[in-house]
Enquirer: 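Take a look at this one; I'll ask things after.
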Amino acid sequence: MTAPVARKIKGGAHAAVRHDSATGHVTGRAVYLDDMPNASGTLEAALVLSPHAHARIKHIDAARALAAPGVMAVVIADDVPGKNDIGPSLRGEPALAEGVVEYVGHPVAAVAARTLDEARAAAKLVDIDYEPLAPVLTIEEAIAAGQMVSAIQVVTQGDPDGALARAPRRLHGEVRCGGQDHFYLEGQIALAVPGEERDITVYSSTQHPTEVQHGVAHVLGVPFNAVTVEVRRMGGAFGGKESQATIIAAIAALAAWKTRRPVKLRLPRDDDMRATGKRHGFLIRYDVGFDDEGRILGLDMTLAANAGNIADLTPGVLIRALCHADNCYWLPNVRFRGLPCKTNTVSNTAFRGFGGPQGMLAIETVIDVVARTLGRPLEEVRRRNYYGVGRNNVTPYAQTVEDNIIERCVGELEAAVDLPRWRKDIDAFNRANKVLKKGLATVPIKFGISFNVPTLNQAGALVHVYTDGSVHLNHGGTEMGQGLFVKVAQVVAEAFQIDLDHVRVSATNTGKVPNTSPTAASSGSDINGMAALAAVEQIKERMAGVAAEHFGVPKSDIVFAENRIFAGNRSMSFAELAELSWRQRVSLSASGYYKTPKIHWDPKTNTGHPFYYFSYGAAAAEVAIDTLTGESRVLRAELVQDCGASLNPAIDLGQIEGAFVQGMGWLTVEELWWDEAGRLRTHGPSTYKIPGSRDVPPIFNVRMLKDAPNREPTVFRSKAIGEPPLMLALSVWLALRDAVASVADHKLVPALDAPATPERILAAVDDIRARAGRG
Ligand code: MTE
Ligand code: MOS
């Protein structure tokens, strides 16, 4: 039969509709947690943080704080009625320090008072007697002390030692990259509201409501069903609210438990930056064997991560780093060793890319060093090493790369920008200028989509159709500005064939969809979109049955289109069918479930098929440096990003631009700086610089790969987008290395770590000049 599909619905799959809260975000009407009206009697809380990097807690005296105006309670570890443990991957990680503090900023106590000012003032009056212990502050010290937060991990294939020994050329070296603060606009916050008996509702700015539920239940010693966690939206998260939000929520819940009053805990920016974890800084050591063409024959690389004081999510971050240290290259003889170094600094955690950026920085440094040593273009050396199609395509962790489109991405980029001509212009500029020097570099990326832990690759959704034809959608994913809610709503609109404005997404709530995974690993729309689709399919099937009976046709003749239900040329509106279904006593509600197919992982050998598919991209960046001051600018960035068949090109464009600039920040201006006592001295916007609007490249062209549907049957053949484009910013870092190398006529390898701050660029320029002078 012919389906009447002349007019499409508004805002279905692939439509470039705006974020559902776009207007709310810019007018300030979108309700964040701190905007919710306080119930009467709500208390405000403030944390008491450790001033020591490592110390034994000898005594805590809360008397002065308790006597201060407005103070209702002081909570410490001893007040925990359940278990003081909120570890996300390993056990034994307390919400409030117990017996010992392990970093400057470690929460030891919290004060709950009638007002925020009273709470913050009283927090200064909690007297804590410490016995300082020797801290371990750097990766090197941790390695020397053999201090790790979890097991050392190795990913290997072939015979790296033999290949290195036989290689005609061999180099070794070291590179570092710094951490990064998430700098979400909305800081960490939670509001805990005690209910009847043991019930408690926690509003949390979290990417992982289920983990908050579990953490709160552990701390209070209640079953999971006593704790309901809700989150409507976060004002940015970027991985920083995956495990870190649980600390805040658990402490708020503990104070609420003790006072039997609602308690809100909202950190001021400086406390947020001191107390909660960041991206891991890495120290990378490589030993590479290659031939005269630049083919990498053997590679032995150690990636040492600064885990901070506890494991937190480090085991996962580290394995993702090791599973991305191949980037786009076939490495038949390789060993990647990952060291989760324990230091007395804040626990590092998830941050956009989750170790992937550090792993890719490592291998791109190796490629850069090999290319510069051979005096060949980066692009040529890369081409010699790319994964093949149908051959040379097994990763170090034994997954076969089945969807390789890397050369297509790179090809589209090179075709769009005329790289040789661009290179010529840069060289001409550098010949004509002594002080300012330009650099140009490209980068390809391949990023694995799925959680490395197979269990997490599942999602649930709950869909209700009401009798007026409006649809209520709920799923386990959380909204942090990335546009997940509108994307999943588009999926539902498309599947029901109704306009998007008939679909309303409600706050994520552990009581509606249980046992959820964090919204992370870029997989939010992949898995929640499919779960929602599964729910819709059930309801449609039932509604189609009602329509078939009504029109007296077989169910297979019923078509959903244009907000109507058709049986040949007869039809009724979606709302009419909803009403009719209810009259016929047919359920209009369903829960949907999805688990990602094909994936498996053996943590003993670190092999398997951890990623359902890969997302690809390529970028080129032009930078200028001032060789007298070390200052730099990104002048031009050209991007090609694979989005599969984009669910929403408007949202994806924003994700690509935002991720790229955030990646630039990590690699250039954002520097975390600890002093010799282990105190973070860059704990606010005055000292910690994130990229601003003027740092956005003046020429910034983003291209989404066209006609590139996912070869796997993902939701409407789309691909994940949240994290991959961050790594395109490696082009900026490589371009800065190129600019430094130009000072010595591209004859030497620059010594430049990340972030490439003015100080580091200046030092690298001085260093390469000195070496050129000697040589
Ligand atoms: N975009 C915005 N605006 N805000 C965020 O906090 N987080 C990023 C990315 N994009 C983030 C963002 C991170 S770290 C991830 S893993 C994904 O969004 C998570 O959402 P998704 O799985 O729905 O893409
Ligand atoms: Mo993103 S780092 O996986 O939250």
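Values below: all heavy atoms of this structure, side chains included; hydrogens, waters and symmetry mates excluded. In listed order, ligands and their atoms are each counted from 1. It should be emphasised that the depicted structure is a prediction, and the values quoted were computed from it without experimental measurement. For reference, positions follow the sequence shown, starting with 1.
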Enquirer: What verdict does the salt bridge (Lys or Arg N to Asp or Glu O under 4.0 Å) test give for Asp642 and Arg711, after you've listed the backbone C-alpha separation in whole Å, the side-chain angles of each residue and the deciding distance to 0.1 Å?
Expert: CA-CA 12 Å; Asp642 163 28; Arg711 70 193 283 284; over 6 Å; no
Enquirer: Would you please classify the geometry between the His182 ring and the Tyr184 ring as parallel, tilted or perpendicular, with 30° and 60° separating the classes?
Expert: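 Ring orientation of Tyr184 relative to His182: parallel.
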Enquirer: Taking the basic N atoms (NZ, or NE/NH1/NH2) and the acidic carboxylate oxygens, is any pair closer than 4.0 Å for Lys278 and Glu670?
Expert: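 Judged by the 4.0 Å cut-off on N to carboxylate O distance, Lys278 and Glu670 do not form a salt bridge.
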Enquirer: Step by step, would you call Val229 with Val216 a side chain to side chain contact (heavy atoms under 4.5 Å, CB included)?
Expert: CA-CA 9 Å; Val229 178; Val216 167; 5.7 Å; no
Enquirer: Under the ring pair (Phe, Tyr, Trp, His ring centres under 6.0 Å) criterion, do Phe485 and His19 qualify, and how do the steps go?
Expert: CA-CA 8 Å; Phe485 278 20; His19 193 287; 8.4 Å; no
Enquirer: If we ignore hydrogens and angles and just use 3.5 Å, is the side chain of Glu230 paired with the main-chain N or O of Asn509 as donor and acceptor?
Expert: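 No, Glu230 side chain to Asn509 backbone: no donor-acceptor pair under 3.5 Å.
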Enquirer: Just the distances, no angles: every ligand 1 N or O to protein N or O pair closer than 3.5 Å, one line each.
Expert:
from, atom 1, to, atom 2, distance (Å)
ligand 1, 1 (N), Gln655, NE2, 3.0
ligand 1, 3 (N), Gly481, O, 3.4
ligand 1, 4 (N), Met480, O, 3.0
ligand 1, 6 (O), Ala237, N, 2.7
ligand 1, 6 (O), Phe238, N, 2.9
ligand 1, 10 (N), Arg352, NH2, 3.2
ligand 1, 10 (N), Gln655, OE1, 2.8
ligand 1, 20 (O), Gln482, NE2, 3.0
ligand 1, 22 (O), Ser522, O, 3.4
ligand 1, 22 (O), Ser523, N, 3.2
ligand 1, 22 (O), Gly524, N, 2.7
ligand 1, 23 (O), Gln482, NE2, 3.1

Enquirer: Using the ring of each side chain (for Trp, its six-membered ring), is Phe716 parallel, tilted or perpendicular to His14, with breaks at 30° and 60°?
Expert: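 Taking His14 first and then Phe716, their aromatic rings stand perpendicular (interplane angle over 60°).
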Enquirer: Does Glu712 have any salt bridge (charged side-chain N to carboxylate O under 4.0 Å, His left out) partners at least two apart in sequence or in another chain, and if so, which?
Expert: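 Partners of Glu712 under the salt bridge (charged side-chain N to carboxylate O under 4.0 Å, His left out) test: Lys598.
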Enquirer: Return the set of residues passing salt bridge (charged side-chain N to carboxylate O under 4.0 Å, His left out) with Arg176 (not counting sequence neighbours), or none when no residue passes.
Expert: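 Arg176 satisfies salt bridge (charged side-chain N to carboxylate O under 4.0 Å, His left out) with Glu140, Glu174 once adjacent residues are dropped.
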Enquirer: For ligand 2, give me the residues whose heavy-atom distance to it is below 4.0 Å, by chain and number please.
Expert: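 Near ligand 2, by chain and number: Gln207, Gly239, Glu242, Ala350, Phe351, Arg352, Ala520, Ala521, Glu723.
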